[in-house]
Amino acid sequence: MDIVVQKYGGTSVGDLEKIKQVAARIKQKKESGCRLVVVVSAMGKTTDNLLSMAYNLSSRPKPRELDVLMSTGEQISISLLSIALNEIGCKARSFTGQQVGIITEGYHTKSKIADINSSIIIEELEKDSVVIIAGFQGVNGNNEITTLGRGGSDTTAVALAAKLGAVCEIFTDVDGIYTVDPRIYPNARKLECISYEEMMEMASLGAGVMHPRSIEIGHKYKVPIYVAMSTGEFPGTFIKESDDFMEKTVITGMAVDNNDAMVTVINLPYSTRSISRIFQSLAERHVNVDMISQTTPVNGLINVSFTIPKNDLAAAMDGLEELKPELGPFGIDTDTAITKLSVVGMGMRTQSGVAARMFTALSESNVDLKIITTSEIRISCAIDPKDQNRAVTAIAKEFDL
Ligand code: ADP
Ligand code: ASP
Ligand code: MG
């Protein structure tokens, strides 16, 4: 019998009524004849509420303690879902990440799954149980509870599917992957399928519908991923290897991200060493840098701008301040009012003129750019959040998104 891994997100298990509905769907799927592993997120806004309690007590809570705290959210939803399933006569058992052997490496609050010990899951499946597993959490080599970064339950599900040779169904509050987040641009189109590469770029550039690492794992292990509405209405979107059947458009989608901040280091001595020291100090603090730009030297001094997640701003500032005695009295400017817009598409590999079209559309809408970056299949720019709607509409119209 085939194994299917399903994942239900926070909204889909947001209250007891929804948990009952999810239980009914799981029972139906099980009875259709497959072995089922189900990953769930914390109910509704639970993780946000847990974090706000921690930040009420301290402006810099220890990441280890945040992991212990945040992992409790998923523990509630797995047990409730298992109770609801057993109540309707569908045998189920719930497990935390630690119990089921989801081994992680890396840092607290940003850990990565290194391995999964599938023996407990297989044993349970052989007993004909639905195996319910807490998303977003694991245990590291020091027996410490860890979490995978916000939205990480997708990664738990895809990693389990990779380990078990299963397909992965992601059930959420939207009926598939759209060209643009439909909450931001309601005219966006739903995609029938999208390639791993494009989804990976979209996810890491702010399309919060999937956790980026889940797509990385899906791509590596060729896990077929299907994203759909948890109620089962409407056909969803397949994330898979790119093939000839995919839409032949230059731009597949646009990601909009309001979670980044821009930092500018002003009057830095012009040397590769000073730049390397800056990025070393950010790396030591596990700060993820995205866009980078440098001005040409004037009187031996340069400005270097880069974008990082707002959550990492305090750590980045600590690192930069520590470098002042070594690199001289440079200034630091921070800008938390930025929106990052990125267009993504495999077609960019072969078609030229995409940047020209994007920047013409923005210029005709009087949108100023703060910083730009590109890769083989994406172009990103940071703009003022007040221009977001105008810019999104202009780009979506230009590329027919
Ligand atoms: P879950 O709790 O199920 O994991 P998320 O809130 O993490 O759900 O992800 C679903 C949300 O992702 C949608 O409600 C939607 O607003 C947002 N989203 C962002 N970009 C996209 C996109 N390109 N297509 C569909 N949804 C998107
Ligand atoms: N509960 C976690 C979060 O809110 C993980 C997830 O939802 O995927 O980030
Ligand atoms: Mg999510």
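First listed ligand is number 1; within each ligand, the first listed atom is number 1. We number each residue from 1, following the sequence as shown.
- Residue-to-ligand polar distances keep Asp154 apart from ligand 1: every N/O pair is separated by 3.5 Å or more.
- Contacts with ligand 1 closer than 4.0 Å are made by side-chain heavy atoms of Val174 only, the backbone lying farther away.
- Counting atoms of ligand 1 from 1 in the listed order, those under 4.0 Å from a heavy atom of Tyr178 are 22 (C), 23 (N), 24 (N), 25 (C).
- In the model, His211 has a side-chain atom that pairs as donor or acceptor with a side-chain atom of Thr155 under 3.5 Å.
- Using a 4.0 Å cut-off to heavy atoms of Gly151, the atoms of ligand 2 that qualify are 3 (C), 5 (C), 6 (C), 8 (O), 9 (O).
- Using a 4.0 angstrom heavy-atom cutoff, Gly176 counts as in contact with ligand 1.
- Side-chain rings of Phe279 and Phe306 approach one another, their centers coming within less than 6.0 Å.
- Under 3.5 Å, the side chains of Thr339 and Asn258 contain a donor-acceptor pair of N or O atoms.
- In terms of polar-atom proximity, Ala207 is not counted as a contact of ligand 1, lacking any N or O under 3.5 Å from an N or O of the ligand.
- The nearest non-hydrogen atom to atom 17 (C) of ligand 1, considering only Val256, Thr172, Asp181, Thr237, comes from Asp181.
- Counting only N and O atoms by type, the side chains of Thr264 and Asn303 include no donor and acceptor under 3.5 Å apart.
- Note: an N/O pair closer than 3.5 Å links Lys7 and ligand 1 by distance alone.
- A heavy-atom separation below 4.0 Å is found between Gly152 and ligand 2.
- Under a 4.0 Å heavy-atom criterion, Gly151 is not in contact with ligand 1.
- Proximity to Glu74 (heavy-atom distance under 4.0 Å) selects the following atoms of ligand 2: 1 (N), 2 (C), 5 (C).
- Ion pairing between Asp2 and Arg35 fails under the 4.0 Å rule for side-chain N and carboxylate O.
- Of the candidates Val180, Asp173, Val344, Asp173 brings a heavy atom nearest to atom 11 (C) of ligand 1.
- Ligand-side atoms of ligand 2 in range of Arg150: 3 (C), 4 (O), 9 (O), range being under 4.0 angstrom from any heavy atom.
- Taking the six-membered ring where tryptophan is involved, the planes of His219 and Tyr196 are essentially parallel, since the angle between them stays under 30° and well short of 60°.
- The closest protein non-hydrogen atom to atom 27 (C) of ligand 1 is Val209 CB, 3.5 Å.
- Ligand 1 has no atom lying under 4.0 Å from any heavy atom of Ser41.
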